[in-house]
Amino acid sequence: MRKIVIAGNWKMFKTQAESAAFLSGFLPHLEETPSIREVVLCPPFTDLSLLSKFLHGSRVNLGAQNVHWEENGAYTGEIAAPMLTEIGVRYVIVGHSERRQFFGETDVTVNLRLKAAQKHGLTPILCVGETKQQRDAGETESIISTQLEKDLVDIDQNNLIIAYEPIWAIGTGDTCESKEANRVIGLIRSQLTNPLVPIQYGGSVKPNNIDEIMAQPEIDGALVGGASLEADSFARIVNYQ
Ligand SMILES: O=C(CO)COP(=O)(O)O
């Protein structure tokens, strides 16, 4: 059976004080959450250490939003895998479209980051997806297939999560129709060697659409941006019906 993973990507939101306040509202809701659902929070780097202490012994796992491919070195502004694992981080988002769009991330650097994450025992959440222009031009399948082909060279598919995040659906309120997300995720799965890789959907996931999204047979979880910032909203998503 494939794992279900619901992850919150906080992007560049929440100070330490705000993240602590989130947890006090969020954690009590997890008593209702079926134990087979993996819950992950990916806050900014500055919150990781504090949240790691608060979450010790809880069922919530921590993820980072980026990782460099070297173990240390002169790479101003980057973070290395051993720095993350030392404080209890288990997951890392790699290749998010915002990194690809604003910070020069390429399939080559995505591949290097995935390898470094796996080498150090982190589970990477690899993000793939097409722009609106690419979708309108009928290029969705070819774009995603090329991303997978390049990003997954020499990657262990036994320690991997993939998130299908259509770029046009991120932060827009314009969710990909759940059947269409299911179709694309099925195509992604057909390109993998391991059929058990969990594949999430991401892009305007909200309390009012999570039930329909999770009812789709190919979708194994969600990568949630805006709606993961508020305790009640993320709790409703994690406790989908
Ligand atoms: O980018 C996302 C998660 O990584 C999705 O963001 P939103 O849920 O805010 O659309």
Side-chain angles (χ1 to χ4, degrees), residues 4-14 18-19 22 26 37-45 47-48 60-67 79 89-103 105 110 113-114 117 122-132 134-135 140 143-144 147-148 151 160-178 180-182 184-185 188 197-214 216 219-240:
I4 302 287
V5 185
I6 311 279
N9 173 10
W10 283 359
K11 307 191 180 185
M12 199 173 71
F13 290 96
K14 290 198 192 295
E18 289 164 347
S19 67
F22 172 93
F26 178 66
R37 295 183 196 170
E38 182 94 355
V39 181
V40 182
L41 284 174
C42 304
F45 293 135
D47 295 345
L48 285 170
V60 180
N61 281 299
L62 272 182
Q65 298 175 18
N66 192 16
V67 65
I79 195 100
V89 173
R90 300 264 312 275
Y91 293 88
V92 61
I93 298 170
V94 175
H96 191 280
S97 60
E98 287 152 13
R99 303 281 331 156
R100 295 182 193 252
Q101 188 182 348
F102 302 126
F103 301 101
E105 192 82 79
V110 165
R113 292 183 202 276
L114 291 173
L122 290 162
T123 300
I125 302 176
L126 165 66
C127 301
V128 296
E130 80 287 0
T131 63
K132 175 89 173 72
Q134 289 162 340
R135 170 159 284 259
T140 300
I143 290 292
I144 288 170
Q147 285 176 340
L148 290 173
D151 296 351
L160 177 70
I161 295 171
I162 293 178
Y164 168 52
E165 296 209 311
I167 295 167
W168 48 272
I170 294 177
T172 58
D174 197 6
T175 325
C176 181
E177 213 261 311
S178 58
E180 173 58 9
N182 188 65
V184 178
I185 288 176
I188 293 173
V197 172
I199 310 181
Q200 302 170 313
Y201 168 76
S204 297
V205 173
K206 304 286 175 209
N208 66 9
N209 59 26
I210 186 67
D211 297 345
E212 191 188 328
I213 290 167
M214 291 308 298
Q216 299 299 321
I219 303 181
D220 304 323
L223 185 54
V224 187
S228 72
L229 291 169
E230 207 260 310
D232 287 349
S233 149
F234 194 47
R236 172 64 185 83
I237 289 173
V238 163
N239 292 330
Y240 69 84

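Just so you know, ligand 1 is whichever comes first in the structure, and atom 1 is the first atom listed for that ligand.
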Proximity to ligand 1 by part of Asn9, non-hydrogen separation under 4.0 Å: side chain
Measuring from the heavy atoms of [X], does anything fall under 4.0 Å of ligand 1?
{"X": "Ala169", "value": "yes"}
{"X": "Gly171", "value": "yes"}
{"X": "Ser204", "value": "yes"}
{"X": "Lys11", "value": "yes"}

Please determine, by modelled atom types, if [X] and [Y] share a side-chain donor-acceptor pair under 3.5 angstrom.
{"X": "Tyr91", "Y": "Glu38", "value": "yes"}
{"X": "Glu130", "Y": "Tyr164", "value": "yes"}
{"X": "His96", "Y": "Glu165", "value": "yes"}

Between Asp151 and Arg100, does any side-chain N to carboxylate O distance fall below 4.0 Å? yes
Could you go step by step and tell me if Cys127 and Ile93 meet the side chain to side chain contact (heavy atoms under 4.5 Å, CB included) rule? CA-CA 7 Å; Cys127 301; Ile93 298 170; 3.8 Å; yes
Hey, are the side chains of Lys206 and Ser233 touching, using non-hydrogen atoms and a 4.5 Å cut-off? no
Taking the six-membered ring for Trp, are Phe22 and Phe234 parallel (under 30°), tilted (30 to 60°) or perpendicular (over 60°)? tilted
Under 4.0 Å from any heavy atom of Ile170, which atoms of ligand 1 are there? 1 (O), 5 (C), 6 (O), 10 (O)
Per-atom contacts, ligand 1 versus Leu223 - under 4.0 Å to a heavy atom: 3 (C), 4 (O)
Nearest protein heavy-atom contact for [atom]: which residue, which atom, what distance?
{"atom": "atom 9 (O) of ligand 1", "value": "Gly226 N, 2.8 Å"}
{"atom": "atom 8 (O) of ligand 1", "value": "Gly225 N, 2.9 Å"}
{"atom": "atom 2 (C) of ligand 1", "value": "Glu165 OE2, 3.2 Å"}

